[in-house]
Amino acid sequence: MYHFKSLIASTLTAALLSSTTPAFADFWSDAAKGLAGTTIRGISESTPPSNYAKDVLGPAFTKATGIKVEFEATSWDQMYDKAIKDMEANTGIYDFVYIEQDIIYSYLARNFLVDITQALNENPNLKSPTFDPTKFTSFIDNFKNDKGNLFGVPMEAFIKVYLYRKDLFDDPKVKEAYKAKYGADLAPAKDHKEYRQIAEFFTEWGKSSGQEIFGTTVQAASGHPAAVYEVVESIFPTYGVYNWGIDTKTYGASVANGGRMNSPEAKAALTWWIGNLAYAPPESTSSTWDEVAATFAAGRAAQGLVYGENAAWIATDDKKSTVVGKVGVALPPVQPGVMDQAASGAGYIGYYDGGAFGIPHSSKNKKAALLWLQYIGQDSVQTDWALAGSRITHKATYDDPKVQAQDKKVDGYYTLMREKGPLFRGAPPFPFHNQVREAIAPFIYQAITGELKPDEALDKAAAAADAELKNLGYRK
């Protein structure tokens with residue numbers, strides 16, 4: 001159970017149904033006439049934002065409408081497998097599903113989802129006056145088709161940031177030892193050479209001081225897509241390799257076919273990443289995004305790239321984290337020129353992650369689900385959700401006093417996301433996302449285990465990607 005569970009649904013609902021918003025209260029009860037007693041079922045990954053929706057927003061929605069919400073929060077793998085199988089078979093098990101930013105293009109290509117814009121236009125009695133897509137951040141654009149119609153209501157959005165142990169970086173003795181060894185001041189790394197140097201230093205420092213601390217985290221589960229995602233979405237961009245190294249016009253992956261997946265820059269990136277394993281905790285080769293967050297929260301790493309949805313609890317929840325009050329937040333290290341490319345819009349420095357809830361065409365309770373999606377898309381429910389899951393989907397949430405107060409406790413994470421968010425980018429609009437990821441995954445895993453050298457792994461990955469893209473009809 002998430003640590004904000006004390007913020008129970010009745011408290012939130014009381015605020016939402018206060019006498020200052022009679023039109024709002026009347027809308028939910030009126031719109032739900034004939035739907036009360038209906039049960040809608042949804043599935044999502046078990047993350048802080050999803051658990052908040054399950055534990056707090058679901059019960060509040062039920063109290064407001066009489067519509068019950070059964071929320072299955074499960075593993076990332078199970079979430080995708082169950083949702084896709086349900087939509088493929090048209091069985092109608094789920095009335096809403098989690099749509100990660102990188103998978104939306106595949107779902108649209110397969111016509112899995114209800115057009116929310118169209119559905120609201122066709123059912124004006126279900127259109128909430130408190131649901132306004134223009135109040136969302138630009139992240140909402142990821143869930144629109146080429147006509148601008150909405151197919152998912154964002155429920156989380158965050159960047160993958162560089163977390164570091166501020167207490168260690170600011171320790172006078174540590175700083176003195178670092179400068180004595182490297183002739184430089186200890187500070188969050190701006191480039192990969194500095195990052196590796198810091199990783200080496202803290203790994204050695206941990207051994208010499210008898211502390212179980214390592215120089216870096218690495219999201220390198222050798223058999224889980226999380227490792228592939230870390231490489232193509234977090235590491236490649238910092239070396240100036242964008243869109244997984246696939247040319248977005250010709251769909252070539254290999255250098256021979258106009259791509260960059262096995263370019264010198266990509267090979268340098270993978271070599272650097274694999275090299276970091278020497279300075280990472282032993283659990284790193286079994287770590288997905290969840291384990292990386294847990295490793296950092298346990299105080300086992302001095303620095304690491306961590307999904308922002310975990311930033312708040314790592315920095316503030318002393319029941320789950322041993323580094324409360326000790327967390328620093330910075331931008332990822334990049335190669336020279338990459339930051340300029342990102343600032344100009346020609347590139348990006350890392351992954352802008354997040355997801356939305358959408359309604360499958362196979363849903364048997366579309367109208368009830370349509371009300372639920374609007375309920376979670378109101379300004380009024382966003383603040384406490386942001387505090388619980390480090391996620392922001394509405395522009396106004398940044399200015400809320402409670403969010404600004406937490407921002408100080410999380411070393412300006414929200415400010416960083418607001419000001420530097422444009423330097424990050426979501427996954428490329430590839431309908432073939434899953435197929436190509438699976439084609440290249442075995443070679444990334446073999447690089448992790450040492451069966452292949454990084455250069456060999458990317459040569460084979462690029463060839464496999466080319467072959468898969470040709471098989472799918474994207475290349476002649």
Side-chain angles (χ1 to χ4, degrees), residues 9-10 12-44 53-54 56-71 86-87 90 92-99 104 107-108 111-136 140-141 143-145 147-155 355-382 385 393-396:
S10 58
L12 175 61
T13 306
L16 295 177
L17 303 182
S18 67
S19 59
T20 61
T21 55
F24 169 66
D26 289 342
F27 168 78
W28 294 113
S29 57
D30 290 347
K33 284 180 180 177
L35 298 172
T38 299
T39 297
I40 58 173
R41 190 177 186 202
I43 188 167
S44 186
K54 174 173 66 76
V56 178
L57 298 181
F61 175 72
T62 299
K63 188 169 183 179
T65 63
I67 299 169
K68 298 178 182 178
V69 181
E70 286 188 4
F71 200 121
D86 177 44
M87 292 186 288
N90 203 38
I93 296 172
Y94 299 111
D95 299 298
F96 64 96
V97 295
Y98 179 83
I99 315 166
I104 180 68
Y107 286 2
L108 290 178
N111 199 34
F112 276 166
L113 304 172
V114 168
D115 183 330
I116 294 169
T117 301
Q118 181 180 330
L120 290 175
N121 288 338
E122 293 175 352
N123 297 275
N125 60 310
L126 298 179
K127 196 170 186 176
S128 168
T130 58
F131 176 71
D132 182 356
T134 66
K135 293 187 176 182
F136 286 76
I140 196 173
D141 294 337
F143 302 95
K144 296 176 181 178
N145 66 1
K147 297 179 181 178
N149 284 14
L150 189 65
F151 286 77
V153 175
M155 52 77 67
F357 287 145
I359 304 171
H361 271 299
S362 53
S363 165
K364 298 173 183 176
N365 300 292
K366 293 182 179 68
K367 290 184 176 180
L370 199 60
L371 287 176
W372 162 243
L373 262 58
Q374 292 179 89
Y375 189 88
I376 65 160
Q378 310 169 84
D379 268 348
S380 55
V381 306
Q382 300 304 318
W385 206 357
T393 61
H394 285 55
K395 290 175 280 191

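Computed from heavy atoms alone, side chains included, the values below leave out hydrogens, waters and symmetry copies. By convention here, the first residue in the shown sequence is residue 1. All of these numbers come straight from a predicted model, not from anything done at the bench.
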Kindly compute the distance separating NZ (Lys63) from OG (Ser29), expressed to the nearest 0.5 Å.
-> 13.5 Å
Without swapping roles, check the side chain of His361 against the backbone of Asn90 for a donor-acceptor pair under 3.5 Å.
-> no
Atom of Leu126, atom of Ala31 and distance for their closest heavy-atom approach = CD2-O, 3.7 Å
Not counting sequence neighbours, which residues clear side chain to side chain donor-acceptor pair (under 3.5 Å) with Asp141? List them please.
-> Lys144
Using modelled atom types only, decide if a donor and an acceptor are shared between the side chain of Asp95 and the backbone of Asn365 within a distance under 3.5 Å.
-> yes
Who are the side chain to side chain donor-acceptor pair (under 3.5 Å) partners of Asn121, not counting sequence neighbours?
-> none
Does Gln374 use its side chain to pair, donor to acceptor, with the backbone of Phe131 at less than 3.5 Å?
-> no
4.5 Å side-chain heavy-atom contact, Met155 and Trp385 | yes
Between Tyr375 and Phe61, ring centroids under 6.0 Å = yes
Quick one: does Phe112's side chain get under 4.5 Å of Pro360's, heavy atoms only?
-> no
Tyr98 and Ile43: CA distance, side-chain angles, deciding distance, side-chain contact (heavy atoms from CB on, under 4.5 Å) verdict | CA-CA 6 Å; Tyr98 179 83; Ile43 188 167; 5.9 Å; no
Criterion ring pair (Phe, Tyr, Trp, His ring centres under 6.0 Å) on Phe357 and Phe71, from CA distance to verdict | CA-CA 12 Å; Phe357 287 145; Phe71 200 121; 5.8 Å; yes
Lys367 versus Leu35: any side-chain heavy-atom pair under 4.5 Å?
-> yes
Below 4.5 Å, heavy atoms only, C-beta onward: do Ile67 and Thr62 meet side chain to side chain?
-> no
Heavy atoms of Ala356 and Gly152 approach each other most closely as CB-C, 3.7 Å
Steps toward side-chain contact (heavy atoms from CB on, under 4.5 Å) verdict (Tyr94, Met87) = CA-CA 8 Å; Tyr94 299 111; Met87 292 186 288; over 6 Å; no
Got a second to check how far Leu150's CG is from Thr117's OG1, nearest 0.5 Å?
-> 5.0 Å
Check: Lys68 side chain, Pro59 main-chain N or O, donor-acceptor pair, under 3.5 Å = no
Give, for atom NZ of Lys366 and atom CD1 of Ile40, the distance between the pair rounded to the nearest 0.5 Å.
-> 13.0 Å
Taking it one step at a time, do Trp372 and Thr65 satisfy side-chain contact (heavy atoms from CB on, under 4.5 Å)?
-> CA-CA 9 Å; Trp372 162 243; Thr65 63; over 6 Å; no
Could you check Phe27 against Asn125 for side-chain contact (heavy atoms from CB on, under 4.5 Å), going step by step and ending with a plain yes or no?
-> CA-CA 9 Å; Phe27 168 78; Asn125 60 310; over 6 Å; no
Beyond-backbone contact of Phe136 with Val153, side-chain heavy atoms, under 4.5 angstrom = yes
Side chain of Ser363, backbone of Ile359: donor and acceptor closer than 3.5 Å?
-> no
Less than 4.5 Å apart, any side-chain heavy atom of Phe151 and any of Val114?
-> no
Are the side chain of Asp115 and the backbone N or O of Gln118 linked by a donor-acceptor pair below 3.5 Å?
-> yes
For the residue pair Leu120 and Leu370, establish whether any side-chain heavy-atom pair is separated by less than 4.5 Å.
-> yes
Determine, step by step, whether Asp379 and Lys135 satisfy the salt bridge (charged side-chain N to carboxylate O under 4.0 Å, His left out) criterion, reporting the C-alpha distance in whole Å, the side-chain angles of both residues, the deciding distance to 0.1 Å, and the verdict.
-> CA-CA 8 Å; Asp379 268 348; Lys135 293 187 176 182; 3.6 Å; yes
Identify, with sequence neighbours excluded, every residue that meets side chain to side chain donor-acceptor pair (under 3.5 Å) alongside Glu70.
-> none
With rounding to the nearest 0.5 Å, note down the distance linking CG in Leu113 to CD1 in Ile104.
-> 5.0 Å
Kindly say whether Gly92 contributes a backbone atom to a donor-acceptor pair with the side chain of Asp86 at under 3.5 angstrom?
-> yes
Going by heavy atoms in the side chains, are Gln382 and Thr393 under 4.5 Å from each other?
-> yes
Check: Asn123 side chain, Ala119 main-chain N or O, donor-acceptor pair, under 3.5 Å | yes
Indicate the atoms forming the closest heavy-atom contact of Ile99 with Phe143, along with that distance.
-> O-CE2, 3.5 Å
